[in-house]
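The structure appears below as structure tokens.
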There are 4 protein chains.
Amino acid sequence: MEQRKSIPSMVKDPKLIEKRREQIIEAAVELFISKGFHKTTTREISRASGFSIGTLYEYIESKEDVLYLVCDAIHAGVEKGLQEVLVNGVSGAVMLEAAIEGFLRVMDQMQDRVLLIYQEIKSLPRETMRYVLAKEEEITGFFEEILHRGRRDGSLQIDENSVKLMAHNIVVLGEMWTFRRWSLRKDYTLEEFTKMQTSLILRELTDK
Amino acid sequence: MEQRKSIPSMVKDPKLIEKRREQIIEAAVELFISKGFHKTTTREISRASGFSIGTLYEYIESKEDVLYLVCDAIHAGVEKGLQEVLVNGVSGAVMLEAAIEGFLRVMDQMQDRVLLIYQEIKSLPRETMRYVLAKEEEITGFFEEILHRGRRDGSLQIDENSVKLMAHNIVVLGEMWTFRRWSLRKDYTLEEFTKMQTSLILRELTDK
Amino acid sequence: MEQRKSIPSMVKDPKLIEKRREQIIEAAVELFISKGFHKTTTREISRASGFSIGTLYEYIESKEDVLYLVCDAIHAGVEKGLQEVLVNGVSGAVMLEAAIEGFLRVMDQMQDRVLLIYQEIKSLPRETMRYVLAKEEEITGFFEEILHRGRRDGSLQIDENSVKLMAHNIVVLGEMWTFRRWSLRKDYTLEEFTKMQTSLILRELTDK
Amino acid sequence: MEQRKSIPSMVKDPKLIEKRREQIIEAAVELFISKGFHKTTTREISRASGFSIGTLYEYIESKEDVLYLVCDAIHAGVEKGLQEVLVNGVSGAVMLEAAIEGFLRVMDQMQDRVLLIYQEIKSLPRETMRYVLAKEEEITGFFEEILHRGRRDGSLQIDENSVKLMAHNIVVLGEMWTFRRWSLRKDYTLEEFTKMQTSLILRELTDK
DNA sequence: GATGAATGAGCCTTCATTCAT
DNA sequence: AATGAATGAAGGCTCATTCAT
């Protein structure tokens, strides 16, 4: 796994750093979502964070750092949501169904944030961007694992080299729900969408 | 269908306007793809277009106009590619297979451009953004129609209210190939990807 | 008298030059009055004149030339108005009364133009500016002469070295009516203003 | 009285704002007088003010704000000059004489600035322009009051509805001295001018 | 003579970042 | 640690003027 990038700070106290950076993230997420990264000024970020521009720069080195902080926090949020969904001691098929449903629920809640990552990731320095994309891959890996488990316990019919693709297909379901919302929502609720897509996938992966 | 936004120009000759705007689009696409809209300067655009900044502004009214021009051209490109793929006088199922393959080929060729639209669309003024999104919906409609045709001629089994979702799923295939390329390409070529996804869809829509 | 500045033209035919310059002046006066010299563009001038920007520059050498043309035309207008007012074969006192009345009428009609000169004269090149100011002095001279005549024919009591000042005072009456119109018009009509100021002056210059 | 327009500043300390704005005004007055508002660049203003362009914009919001600041300061200067001239406990006639003399002295000292206001006021946004013109009316009001006092204490003979006009005439004296200086100074010193005009007025307003 | 496309210097303004307090 | 005034590079855009057709 890629090394989490650590941003230097002028401040010594790690507790304080964490606290301030949470303030920064909370403020910046809202701003980036509503105005975009480029149209948000550092002054606005500091003001919304509750301190001065000088203080902001005690905890970051550049505006891009804020974007990184934000992207990282969003990913952490998605991952946390996914972990909560995991039920152990059940078949892969059952687990998959739960995971899809949970995943879509999380994506629904975080739609603006997820969109944000896709729209602004290019503004990150190459190296940092790679780290964020790696996070993305972790989520795919999460579903890969479930598919493998189902394969092993016989609850899912899927051949080895389709696993990856299917995992991608599932993750894309989430992105689809956030990216095409302006269109999908006219026709489906989250529940309908989840049900239809899940049944499509399970029909494919089971004997019906 | 939404009205194509027409951008005023100081220049009178329509032929010249078209020619110059093509130059602008060609130059700007490259720049936007590699640096993003915000980090590209109008001066860079004019230089890459082969004329001065003053001349650039004879053909547009603001930098945002360039983005619109670019988005519009990209959509036109995708649509043109799709039209070329349409074969008449065949069953819906056959047509669908060809359309998916053609669509993915176009998306593969235009991947950077498609990505660009998704990343910069937010920078467009509300009204213009709506127009671009409407274009997107047209592409979904294109697949809806094919599905309907297959439904009518009996070559595809799909119930009425799944048509829209399935059309979305197909279009998302294209976006997936552009958005997740950094990951998908490690495991699949375009041909493999196309084949696997097509068979998944057709298996679902036919009796096998 | 200062030499009227002659503006070179690319065009040979003097008739045409005059005709075109009249078009230019007519268009520019309106524009300068409503937007000011600096905020009016040469393109606007050419458009309002009824020809292209290229043609405009066939008849002038710079934007400042247009301002000069305009100022010159305005002065000519004022002078023409004054000439028409002159009645011969009457006493200086009678002539003065008529002249003041005529002068104020002209100033009232041309108020916007007169204001224009005062506001934009500074934008003229030094040399040209001097010429325009000289014109101004001619108008003062006009009243000086009338005062002298009245002095000579005994209809006005005024000593030699007050003549100039009084002439200035009269001319200033006209400027006053244009400059302070936003305030004066609330309290006086042109007729009232004329009558009151005239009686003030005549009371001073005659035995009553 | 119109509300003084308050210009927002990015800087919090009011003392500093006042100090910096004084620097700005001082620098801008000179520049505007010698080159005019439009030909003066914001960079020149900041440089002449002793700080960077960025700093300039910490204290104003637009170039027009500088013009407003300047006009406002000039009016304040004239008003201050007038206040200092007021002598109490004397007759209206005596007071008037002193006021005229003081007013003309102030106008003489501030001639360039007064001229500036008349020439550039049109560049101010409508609302702001109205405020500046209102200030102008205050000065007329100042003389109206003196005339009324003289009327009441019997030291001046003037009928009610001539008061306003006479006040205007007096103020115009000041403008005249600044506007026509290129001509008047050839013939009169400030003292001569003052003496002659004052005697003209007092002769009219007293029994001689 | 008329046209209008092309030019580019130059303008106003913004904003990420620094640093003295 | 926190503050916020200061900085100036850089950006979007305008417009007087030219010149080939």
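A note on names: the letters A, B, ... follow the listed sequences, proteins ahead of strands, and every chain is numbered from 1. Every value quoted in this text rests on a predicted model; they were computed, and no experiment measured them.
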* Asked: Does the side chain of D:Leu56 reach to within under 4.5 Å of the side chain of D:Arg43, using non-hydrogen atoms?
  -> no

* To do: Could you state the atom-to-atom distance from CG of C:Leu31 to C1' of F:dC15 in whole Å?
  => 15 Å

* Short side-chain donor-acceptor distance under 3.5 Å, B:Ser46 and B:Ser49 -> no

* **Stepwise salt bridge (charged side-chain N to carboxylate O under 4.0 Å, His left out) check, D:Arg47 with D:Glu44** => CA-CA 5 Å; D:Arg47 204 177 308 130; D:Glu44 283 172 318; 5.7 Å; no

* To do: Just call it for C:Thr40: base, sugar-phosphate, or nothing, with non-hydrogen atoms closer than 4.0 Å on any strand.
  => sugar-phosphate

* **side-chain hydrogen bond (donor to acceptor under 3.5 Å, both in side chains) partner of A:Gln23, the single match among A:Arg20, A:Glu26, A:Arg21** => A:Arg20

* Asked: Going by number, which of residues 49-65 of chain C have a non-hydrogen atom under 4.0 Å from DNA chain F?
  -> C:Ile53, C:Tyr57, C:Ser62, C:Lys63

* Flag the pair B:Ile45 / B:Ile24 as yes when at least one side-chain heavy-atom distance between them is below 4.5 Å, and no otherwise. => yes

* Asked: Given the rule that a pair is Watson-Crick or G-U wobble with both distances under 3.5 Å, how would you write DNA chain F in dot-bracket, using | for pairs to a different strand?
  -> .||||||||||||||||||||

* Which part of the nucleic acid, if any, lies within contact of D:Arg47, taking any heavy atom under 4.0 Å across all strands shown: a base, the sugar-phosphate backbone alone, or nothing? -> nothing

* Asked: What nucleotide among F:dA1, F:dG11, F:dA16 has an atom nearest to a side-chain atom of A:Asp13?
  -> F:dA1

* **Within-4.5 Å side-chain heavy-atom neighbours: D:Leu16 and D:Tyr59** => yes

* Answer yes or no: is there a side-chain heavy-atom contact under 4.5 Å between B:Val70 and B:Arg113? => no

* Asked: Got a donor-acceptor pair under 3.5 Å from the side chain of B:Arg43 to the base of F:dG12?
  -> yes

* Structure fact -> Rounded to whole Å, the NZ-C1' distance (C:Lys39 to F:dA16) equals 18 Å

* Taking the side chain as every heavy atom from C-beta outward, state whether A:Leu116 and A:Phe37 have any pair of such atoms under 4.5 Å apart. => no

* To do: Would you mind reporting whether D:Glu120 and C:Lys122 have side-chain heavy atoms less than 4.5 Å apart?
  => yes

* Can you find a pair of side-chain heavy atoms, one from B:Glu58 and one from B:Ile17, that are under 4.5 Å apart? -> no

* Asked: What integer distance in Å separates A:Ile17:CD1 from F:dA1:P?
  -> 8 Å

* Any side-chain heavy atom of D:Glu64 sitting closer than 4.5 Å to one from D:Ser123? -> no

* Structure fact -> In the 5' to 3' direction, the nucleotides of DNA chain E bounding the stretch that comes under 4.0 Å of a heavy atom in chain C are E:dG1 to E:dA5

* To do: Scan A:Thr42 against the nucleic acid and name what it touches under 4.0 Å (heavy atoms): base, sugar-phosphate only, or nothing.
  => base

* To do: Whole angstrom is fine here: how far is it from CG in B:Leu67 over to P in F:dG12?
  => 13 Å

